[in-house]
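One structure is given here, and the rest of the page talks about it.
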There are 2 protein chains.
Amino acid sequence: MATRTRRSQRRTEALSRERIVEAAVELLDAAGEGGLTFRALTERLATGPGAIYWHVANKSELLDAVTDAVVAAALAIEPAEPAESAESAESAESAEPSESVEPAEPSESADSPQEKIRAVALGLFDAIDEHPWLAAQLTAQLSRSPWGSVTPRIFESIGRQVRALGGTEGSQFTAASALVHYILGAAGQNAANGRGPGPDVDRGEFLDAASRAWQELDPDDYPFTRAVAEQMREHDDREQFLAGIDLVLTGITARHLSGGAAGASPVS
Amino acid sequence: MATRTRRSQRRTEALSRERIVEAAVELLDAAGEGGLTFRALTERLATGPGAIYWHVANKSELLDAVTDAVVAAALAIEPAEPAESAESAESAESAEPSESVEPAEPSESADSPQEKIRAVALGLFDAIDEHPWLAAQLTAQLSRSPWGSVTPRIFESIGRQVRALGGTEGSQFTAASALVHYILGAAGQNAANGRGPGPDVDRGEFLDAASRAWQELDPDDYPFTRAVAEQMREHDDREQFLAGIDLVLTGITARHLSGGAAGASPVS
DNA sequence: ACCTGAACACCGTTCAAGT
DNA sequence: ACCTGAACACCGTTCAAGT
């Protein structure tokens with residue numbers, strides 16, 4: 001409602017694909033998937049639809065470009081050099097860490113493959129947290145064209161580190177796929193929790209409501225879900241996300257220890 | 001093009017929410033996400049839009065109902081009793097199993113929690129394979145309302161088995177979440193591979209093209225992706241999917257063995 | 001209570017025309 | 001080469017009116 005009549009666009013500046021993508025991201029961030037419209041876009045860029053169609057084939061291509069740009073930025077940001085002193089400026093936000101996850105093992109160096117995988121994963125996690133529309137867009141683009149630029153980008157970032165973990169090429173492919181799948185699935189779900197149905201609903205209320213809804217499920221049909229409903233309210237998204245990453249990493253390294261690919265159950 | 005004029009609908013049968021959902025599924029299966037239209041729906045059901053809106057609030061609610069119905073069916077089907085003789089009628093389709101994954105360990109009983117988790121996962125996998133639009137729809141609904149009926153349904157199916165695996169309630173929550181995230185992420189991606197950009201493109205060509213595209217990536221920027229491009233063409237989706245599940249399961253059980261929640265690296 | 005169907009506002013996309 | 005803007009086909013949704 002506030003940022004409507006934003007006219008005085010310097011229409012001197014030539015229209016370009018980048019400017020269009022940039023405006024599209026702003027619209028998506030501001031109003032979600034439904035906010036990106038060729039009409040809104042023309043208004044913001046002070047042109048007509050034809051101008052946009054000259055730079056971009058159609059909406060689907062525009063969305064691909066937007067997705068690619070945001071993902072590329074997210075993956076580029078992983079601080080290649082930690083460099084900084086090891087002050088724990090990491091995740092000291094709200095509420096104490098509770099019990100669910102301990103800090104990383106001291107036995108693991110800061111630039112181990114594991115740590116780099118966590119960094120890449122968090123980069124994507126944060127990108128989706130910042131741009132909630134990204135989750136659905138990633139799924140959509142993966143469906144449209146797995147050979148698009150986004151999939152290889154993500155796959156490569158993870159895969160390189162997986163390779164450093166060793167194992168046969170086959171197990172590396174499996175491991176990298178599993179990590180990417182987990183990341184996309186988890187990030188997608190968290191995009192949900194993070195923003196909720198819209199910017200209008202408060203985050204806390206949202207999780208409270210969800211937790212309450214879960215507690216009111218039929219005890220016979222949903223024993224497990226009811227039992228963990230409490231945790232779902234208290235959990236920290238990032239912590240939980242990283243705990244999942246660690247689970248998969250444990251699986252990967254445990255397999256190597258037990259000698260190459262094998263069945264799933266070292267137990268019973 | 002063929003199944004167009006399907007008029008002689010017995011309009012005696014009263015319209016109902018179920019019939020609408022049923023028709024919606026058919027349209028989605030036939031023509032993908034874009035195929036579900038209130039106009040197409042009215043034509044198929046031989047009514048007007050008003051009639052549909054009397055049974056269903058809006059398109060978003062209809063999609064939720066459709067998603068819920070399909071997921072519920074998928075989860076209900078998991079063959080509670082294997083019963084059949086152990087003839088290997090499992091996955092003997094095309095191409096020999098190659099090397100990537102061995103059959104499950106003989107040490108694991110057929111109705112172990114692990115095996116049941118695989119069954120649930122495969123149920124969802126197959127549902128998405130059969131209804132490729134489901135993947136995006138799941139993401140969308142999770143974003144819209146995590147308290148909807150779909151999330152608890154899936155979460156419960158997995159969680160019950162996870163509980164049987166033991167561990168603290170906290171680790172169970174983490175484990176179940178990780179599994180669900182992996183399943184949704186992987187299934188989403190596979191919905192892509194399974195159908196490709198449309199029903200018009202052949203499956204084999206599609207994967208070939210993707211593999212080729214990966215092999216032509218810049219060797220400096222994409223060493224890992226290029227290296228595994230070959231596997232991506234040869235891999236069997238279901239096998240790969242199950243291998244990922246097993247990876248997560250290994251992670252879960254390995255953690256229990258090493259004594260409760262811990263860091264991610266039993267190695268170096 | 002349940003259904004009809006015209007109408008409305010909005011959307012992606014096209015295209016002849018301008019510079 | 002790059003942009004304008006009217007126009008087209010289509011979509012979700014509403015609503016007065018019927019039974």
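Not measured: the values here are computed from a predicted model. Just so we're on the same page: letters track the sequence lines, and every chain starts at 1.
Checked against the 6.0 Å centroid threshold, A:Y222 and A:W214 do not count as a close aromatic pair. The six-membered or imidazole ring of B:F173 lies away from that of A:F224, with a centre-to-centre distance of 6.0 Å or more. Between B:F125 and B:F241, the distance from one ring center to the other falls under 6.0 angstrom.
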_Counting Watson-Crick and G-U wobble pairs with both distances under 3.5 Å, what is the dot-bracket string for DNA chain C, 5' to 3', using [ ] for crossing pairs and | for pairs to another strand?_
||.|||||...|||||.||
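Annotation: side-chain hydrogen bond (donor to acceptor under 3.5 Å, both in side chains) contacts of A:R212 (sequence neighbours excluded): none.
Taking 4.5 Å as the limit, some side-chain heavy atom of B:L41 sits within range of a side-chain heavy atom of B:L62.
Ion pair A:E43/A:R39 not flagged as a salt bridge, since none of the NZ, NE, NH1 or NH2 atoms sits closer than 4.0 Å to an Asp/Glu carboxylate oxygen. A salt bridge is absent between B:R44 and B:E22: the closest approach of a Lys/Arg side-chain nitrogen to an acidic carboxylate oxygen does not fall below 4.0 angstrom. Ion pairing between a basic and an acidic side chain is recognised when a charged N comes within 4.0 Å of a carboxylate O; A:D68 and A:R153 show such pairing.
In this structure, the CZ atom of B:R17 is 18 Å from the C1' atom of C:dC3, given to the nearest Å. Following rounding to the nearest Å, B:W54 (CH2) and C:dC2 (P) show an atom-to-atom distance of 4 Å. Atom pair B:E43:CD and C:dT4:P shows a separation of 14 Å (rounding to whole Å applied). At whole-Å resolution of the value, CZ in A:R19 and C1' in D:dC3 are 14 Å apart. The distance between atom CG of A:L45 and atom P of D:dG5, rounded to the nearest whole Å, is 14 Å.
Which of D:dC3, C:dT4, C:dC3 sits closest to the side chain of A:T47 comes down to D:dC3.
Atom name P, nucleotides C:dC2 and D:dA17: the rounded distance is 22 Å, in whole Å.
Dashed line: the shortest gap from a side-chain N or O of A:H55 to OP1 or OP2 of D:dA1 is not under 4.0 Å.
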*At under 4.0 Å between heavy atoms, which parts of nucleotides 6-19 of chain C does protein reach? Answer with one letter per nucleotide, 5' to 3': B base, S sugar-phosphate only, - none.*
B----BBBBB----
*Check the pair B:E156 / A:T225 against side chain to side chain donor-acceptor pair (under 3.5 Å), numbers first and verdict last.*
CA-CA 6 Å; B:E156 180 71 28; A:T225 305; 2.7 Å; yes
